[in-house]
Amino acid sequence: MAGATNESATTEVGLVLQGGGALGAYEWGAILALLDFIDGQRAQRKSMVLEVVTGVSIGAINAACVVGADEKADARTRLEGLWNDFMIKAPAFVPQVLTSNFAFYEVPNFYRFSPAWNLIYFYQTKELLKTLRKHVNFTALNASKTAFVVTAADVECGTLTWFANRQLGDIAPTAIGPHHVLASGSIAPQFPWTDIIYGGKERHYWDGGLIDNTPLGAAIDAFDPELNIRKLLVIMNLFPLNARLPNTYTEVSERVDQLRFGNRLRQDVSTARQFNKLISTIQKLAARLPDLPKDVEDVVRRYKEVETIEISLEPDDSLAYPYDFHDFSQQGIERRRDRGYELTLTALREHFAAKTAAHEGAH
């Protein structure tokens with residue numbers, strides 16, 4: 001059983017997108033950077049494929065635009081159209097604080113305040129279903145060679161449900177439609193749950209981020225087990241560890257959300273790195289054993305050593321409300337997009353340069 005090489009013929013990329021409302025504009029820019037980087041690698045005759053995209057909430061919406069496209073140029077167009085539809089636009093002389101706060105009432109083509117007397121949600125999200133149908137080619141998504149996975153929380157069972165366009169480990173395939181993406185983003189108590197027939201029964205789903213805001217496991221399951229294929233997991237982190245001290249109730253709420261949604265990612269990445277060390281050790285030992293039984297070799301091959309790049313999508317000084325989930329103002333979205341692009345392209349270049357230097361140094 002041969003060991004994996006550092007410089008393999010093919011690199012499979014898994015992209016993991018978190019939920020975070022308007023912070024998803026960082027992911028828009030990050031996705032553009034990743035697609036450009038893949039194009040750059042191919043221009044150098046290096047094989048790199050987008051193997052899987054997983055997402056939660058706004059990350060699920062971004063993921064649907066990427067996989068529900070005919071090719072990368074189409075994905076770029078669909079993302080731009082989606083976020084243009086979400087923008088709260090106003091004349092330049094209107095302060096950004098006014099346009100960003102308008103999102104507490106509604107975001108165009110996304111959600112609207114619901115004055116109906118009910119005790120389970122504040123906004124209705126019917127407009128988002130129309131927006132998803134407009135910007136996502138669900139026929140292409142379900143036929144795509146790129147695996148697509150979104151998660152939602154079952155309100156009654158309290159368990160996490162995975163919706164995938166093809167079989168991934170124990171996850172059965174589902175014909176993905178707008179409601180599956182909406183279910184992943186049905187954050188409570190702001191939005192109503194989404195009803196979906198699953199397993200022959202109507203189930204009720206809230207935002208998957210309530211249980212796990214970073215679906216790493218499904219992305220890893222999508223990778224090819226072959227040892228000579230490089231497996232790269234790119235994780236977009238919308239919730240940086242460090243932040244300034246909050247000065248208002250709103251900032252306190254934002255900081256609580258950062259800690260709530262971000263710490264699980266740090267635990268999962270730490271666990272993944274520990275598994276990588278264990279898997280690497282097992283593979284090296286297996287390579288030294290002559291005539292390894294096939295059933296043992298199959299077990300060894302089932303566990304995959306994965307490179308991880310965690311890209312912290314942190315703001316710069318140009319953003320007046322850097323962590324505001326509700327800032328769908330045109331200025332806020334465009335600046336987050338540009339910042340996400342810059343951070344991601346830099347991180348990818350630095351990661352690959354370091355790996356190449358390490359490989360050359362070993363020889």
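- Between Phe148 and Val181 the shortest side-chain heavy-atom distance falls below 4.5 Å.
- Under the side chain to side chain contact (heavy atoms under 4.5 Å, CB included) criterion, Leu119 pairs with no residue, sequence neighbours left out.
- Looking at Thr54, its side chain does come within 3.5 Å of a backbone N or O of Pro215 through a donor-acceptor pair.
- Residues meeting the side chain to side chain donor-acceptor pair (under 3.5 Å) test with Tyr121, sequence neighbours left out: none.
- The distance from atom CD1 of Ile197 to atom OG1 of Thr174, rounded to the nearest 0.5 Å, is 13.0 Å.
- Residues Trp162 and Ala218 come closest through the heavy atom pair CD1-CB, 4.2 Å.
- Side chains of Leu232 and His351 form a contact here, defined as non-hydrogen atoms less than 4.5 Å apart.
- Summarising the geometry of Asn62 relative to Gly24, their closest heavy-atom pair is ND2-O, 3.3 Å, with the distance given to 0.1 Å.
- A donor-acceptor distance shorter than 3.5 angstrom exists from the side chain of Lys231 to the backbone of Glu226, with no hydrogens or angles considered.
- In terms of heavy-atom proximity, Ala69 sits nearest to Val66 at CB-O, 3.6 Å.
- The shortest distance between side-chain heavy atoms of Phe110 and Thr131 does not fall below 4.5 Å.
- With sequence neighbours excluded, no residue forms a side chain to side chain donor-acceptor pair (under 3.5 Å) with Asp70.
- Among residues at least two apart or in separate chains, there is no salt bridge (Lys or Arg N to Asp or Glu O under 4.0 Å) pair with a member in residues 137-149.
- Taken to the nearest 0.5 Å, the CG atom of Asp74 stands 9.5 Å off from the SG atom of Cys65.
- Judged by distance alone, with hydrogens and angles left aside, the side-chain atoms of Glu156 form no donor-acceptor pair with the main-chain N or O of Gly158 at under 3.5 Å.
- Residues satisfying the side chain to side chain donor-acceptor pair (under 3.5 Å) test with Trp28, not counting sequence neighbours, are none.
- Within 6.0 Å of CZ on Arg349 lie no more than 12 heavy atoms contributed by other residues, nucleotides or ligands.
- Taking the six-membered ring where tryptophan is involved, the planes of Phe113 and Tyr105 are tilted, since the angle between them lies from 30° to 60°.
- Side-chain contact between Val136 and Leu141: present, with at least one pair of heavy atoms (C-beta onward) separated by less than 4.5 Å.
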Return all side-chain donor-acceptor pairs below 3.5 angstrom for residues 122-129, not counting sequence neighbours, or 'none' if the list is empty.
| unit_1 | atom_1 | unit_2 | atom_2 | d |
| --- | --- | --- | --- | --- |
| Tyr123 | OH | Phe104 | O | 2.6 |
| Gln124 | OE1 | Lys126 | N | 2.8 |
| Glu127 | OE2 | Lys130 | NZ | 3.4 |

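- With respect to Glu307 and Arg230, a salt bridge is recorded, a charged nitrogen being found less than 4.0 Å from a carboxylate O.
- Under a 3.5 Å cut-off, the side chain of Asn137 and the backbone N or O of Gly68 do not form any donor-acceptor pair.
- If you take OG1 on Thr151 and NE2 on His180, they are separated by 13.0 Å, rounding to the nearest 0.5 Å.
- Taking the side chain as every heavy atom from C-beta outward, Asp338 and Tyr341 never approach each other to under 4.5 Å.
- Using cut-offs of 30° and 60° for the angle between ring planes, the Trp206 and Trp193 rings count as tilted.
- Not counting sequence neighbours, the partners of Ala25 by the side chain to side chain contact (heavy atoms under 4.5 Å, CB included) test are Trp83, Ile333, Arg336.
- Rounding to the nearest 0.5 Å gives a distance of 11.0 Å between CD of Glu12 and CE of Met48.
- For Asp154, the salt bridge (charged side-chain N to carboxylate O under 4.0 Å, His left out) test picks out Arg203, with sequence neighbours left out.
- Between Ile196 and Ala183 the shortest heavy-atom distance is CD1-CB, 3.7 Å.
- At a threshold of 4.5 Å between non-hydrogen side-chain atoms, the residues Pro189 and Ile120 do not count as touching.
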side-chain hydrogen bond (donor to acceptor under 3.5 Å, both in side chains) evaluation trace for Tyr205 with Asp195: CA-CA 6 Å; Tyr205 293 102; Asp195 299 326; over 6 Å; no
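- Atoms CZ and CG, on Arg76 and Asp36 in that order, are 4.5 Å from each other to the nearest 0.5 Å.
- By the side chain to side chain donor-acceptor pair (under 3.5 Å) test, Arg112 is found to be paired with Glu106, residues two or more places apart in sequence or in another chain being considered.
- Using bins of under 30°, 30° to 60° and over 60° for the plane-to-plane angle, the ring pair Phe191/Tyr111 lands in the tilted bin.
- A salt bridge links Lys134 with Asp85: at least one charged nitrogen is closer than 4.0 Å to a carboxylate oxygen.
- Thr344 pairs by the side chain to side chain contact (heavy atoms under 4.5 Å, CB included) definition with Ala30, Ala33, Met236, Ile311, Leu313, Leu348, not counting sequence neighbours.
- Take Ser184 and apply the side chain to side chain contact (heavy atoms under 4.5 Å, CB included) test, not counting sequence neighbours, and it matches Val56, Ala60, Val150.
- Listed by first and then second residue, the salt bridge (Lys or Arg N to Asp or Glu O under 4.0 Å) pairs that reach into residues 162-183 are Glu51-Arg166, sequence neighbours excluded.
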ring-ring contact (aromatic ring centres under 6.0 Å, His included) assessment of Phe163 paired with Tyr198: CA-CA 10 Å; Phe163 299 116; Tyr198 187 71; 5.4 Å; yes
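- With hydrogens and angles ignored, the 3.5 Å screen pairs a side-chain donor or acceptor of Gln167 with a backbone N or O of Ile171.
- Side chain of Gln18 to backbone of Gly55: no donor-acceptor contact under 3.5 angstrom is found.
- Rounding to the nearest 0.5 angstrom, the gap separating the OG atom in Ser47 from the CZ atom in Arg42 is 7.0 Å.
- The main-chain N or O of Thr146 is found under 3.5 Å from a side-chain atom of Ser144 such that the two form a donor-acceptor pair.
- At a threshold of 4.5 Å between side-chain heavy atoms, the hydrophobic network of Ile, Leu, Val, Met, Phe, Trp and Tyr places Leu32 and Val49 in two separate groups.
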